[in-house]
Structure formats: structure tokens, C-alpha cells
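Only one structure is covered here, and it is reproduced in the block below.
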Amino acid sequence: MIRLLILFLLFVTAPYWSAAQECTLIRETDPYTRLTSLSTGYHPWKGGSVTLDATKPEIDWMIEVGAGNLCFDDETTIQVFFKGTKLKLLFRNAGTVNCEGLLHVLFKNTPATNYQLTKLVTLPIERILVTNAAEKSWAIEPDAEQQARWIRVAGCLVTESKKLLAQ
């Protein structure tokens, strides 16, 4: 009888355990300001990598194009295509001018999540197409496993970022 009760409790509470385990974020606290920041860490994909970082004022989606010394400025565009839909999002690089292959898309961290950010963390990204001012393009393409992992961890970060607003 006790074994049956234990099995029942394990079965009923297992979804809560797995959800907690899937939400593994990098959490850092600034020693001077005592403000916490969250990060998904780097997610290497074919052609580059992505990461999502959150602080109290903003959420920063950083894209690193893995093709070497590429220069990007505020005229660089980032197109995001989603699997199974014709929906696409278009962003401009919000980061500084650099030749390190780094791009940033910034979102304000607010109690209500931005529409575009919601799409980035809930729909599987099929391809990211980066085009610089010289009209050179690079594609970043995650596989199915990477897409699913991104949705889990990025969705978790956006949910957890709301708690930073109370700091």
C-alpha cells in the first residue's frame, strides 16, 4: 500500500520536478549594486550562437555570427523565420558598431512581455538571417533539439525576468 502511495505521489509530482530542472539559468548578482542578472548561457547553432540575458531594465538577445571578423552597425538587419509558419520578425542591431560578429536586440523588461519577444521564446526558430550594411548575409540555423531547448530555457528566462522588476 505504501509503495502504491509513493508511486502515485511520484507520478503526480513528476511534471513539477521536470519543469524546475528545465529552468536552469545563470544567475549573477552585482556585488556593488546588489542587482541580479539572468542568462540562458550560449546556445551554439549552425552558423553562430545565441544567448538571452535579463536585467531589471531590459532583456538582451545577443547573436554571435560564427563566420569570423564581421563588422556590424546599426544598419544591420536580423530576420527571424519560424518553423511551420510564414511569420517572420525583422530587427535592427541595437548593439555598438563592432567587427567581432556580435549583434544585440534589446527589449524593455516590463510586466507584460513584448509581442516580438513572446514569439522569439515560444515559436521554434527555423533560421536567423543577418544582413550587414554591405548587403552580405549569414544564416544561423538550429536543429530540432536546439529549437526545443531554446524554447524551454528562453521562456523560463522571460518568466523569471519579471521577478527582477521587484528589485
Give a yes or no answer on whether the side chain of Glu141 reaches the backbone of Gly47 with a donor-acceptor pair at less than 3.5 Å. no
As an exercise, state the distance from CG of Leu164 to CG of Leu38, rounded to the nearest 0.5 Å. 4.5 Å
Is it true that, when you exclude Glu28 itself, more than 12 heavy atoms of the residues, nucleotides or ligands shown sit nearer than 6.0 Å to its CD? no
Decide yes or no for Thr77 and Arg92: does some side-chain heavy atom of the first lie under 4.5 Å from some side-chain heavy atom of the second? yes
Is there a donor-acceptor pair under 3.5 Å between the side chain of Asn93 and the backbone N or O of His104? yes
Same cluster for Leu89 and Trp138 if Ile/Leu/Val/Met/Phe/Trp/Tyr side chains link at under 4.5 Å? yes
Which pair of heavy atoms, one from Gln146 and one from Pro44, lies closest together, and at what distance? NE2-O, 3.0 Å
Any non-hydrogen side-chain atom of Asn132 less than 4.5 Å from a side-chain atom of Cys71? no
Within 6.0 Å of NZ in Lys136, more than 12 heavy atoms from elsewhere: no
Measure the spacing between CZ of Phe72 and OG1 of Thr131 and express it to the nearest 0.5 Å. 9.0 Å
Can you name the nearest heavy-atom pair linking Pro111 to Leu165, along with the distance? N-CD1, 3.6 Å
Mind listing the closest non-hydrogen atom pair of Asp73 and Glu75 along with its distance? OD1-N, 2.9 Å
With sequence neighbours excluded, tell me which residues meet salt bridge (charged side-chain N to carboxylate O under 4.0 Å, His left out) with Lys119. none
Check Ile151 against Pro124 and note the closest heavy-atom contact, atom names and distance. CD1-N, 3.6 Å
In Å and rounded to the nearest 0.5 Å, what is the CZ to CG distance from Phe81 to Leu123? 14.0 Å
Contact summary for Trp45 and Pro142, nearest pair of heavy atoms: CD2-CB, 3.4 Å
Using side chain to side chain contact (heavy atoms under 4.5 Å, CB included) as the criterion, point out the one residue from Leu117, Thr110, Thr118 that pairs with Asn114. Leu117
Is there a side-chain contact between Leu52 and Val121, using heavy atoms and a 4.5 Å cut-off? yes
Apply side-chain contact (heavy atoms from CB on, under 4.5 Å) to residues Trp61 and Val80 and explain how you reach the verdict. CA-CA 12 Å; Trp61 184 41; Val80 182; 3.7 Å; yes
Any Leu102 side-chain heavy atom under 4.5 Å of Met62 side chain: yes
Within the distance-only criterion (no hydrogens, no angle test), does the side chain of Gln167 pair as donor or acceptor with the backbone N or O of Thr36 below 3.5 angstrom? yes
Can you tell me which residue among Ile128, Ile78, Leu103 is in a side chain to side chain contact (heavy atoms under 4.5 Å, CB included) with Val65? Leu103
At their closest point, which heavy atom of Thr76 faces which heavy atom of Ala133, and how far apart are they? OG1-N, 4.4 Å
Hey, what do you get for CH2 (Trp150) to OG1 (Thr51), rounding to the nearest 0.5 Å? 6.5 Å
Val130 and Phe91, any side-chain heavy atoms less than 4.5 Å apart: no
Does Gln147 use its side chain to pair, donor to acceptor, with the backbone of Ile125 at less than 3.5 Å? yes
Can you confirm whether Phe107 sits close enough to Thr113 that some side-chain heavy atom of one is under 4.5 Å from a side-chain heavy atom of the other? no
State which residues pass salt bridge (charged side-chain N to carboxylate O under 4.0 Å, His left out) with Glu160; sequence neighbours excluded, sorted by chain then number. Arg27, Lys163
Sub-3.5 Å donor-acceptor pair from the side chain of Thr29 to the main-chain atoms of Leu35, do we have one? no
Val153 and Leu25: CA distance, side-chain angles, deciding distance, side-chain contact (heavy atoms from CB on, under 4.5 Å) verdict: CA-CA 7 Å; Val153 76; Leu25 299 172; 3.8 Å; yes
Distance from His43 atom NE2 to Glu64 atom CD, nearest 0.5 Å? 13.5 Å
According to a hydrophobic-cluster definition based on side-chain heavy atoms being under 4.5 Å apart (Ile, Leu, Val, Met, Phe, Trp, Tyr only), do Val50 and Leu90 belong together? no
Any heavy-atom pair between the side chains of Ser37 and Asp30 that's under 4.5 Å? no
Is the backbone N or O of Ser161 less than 3.5 Å from a side-chain atom of Asn109, with the two atoms forming a donor-acceptor pair by type? yes
Donor-acceptor pair, Thr40 side chain versus Ala154 backbone, under 3.5 Å? no
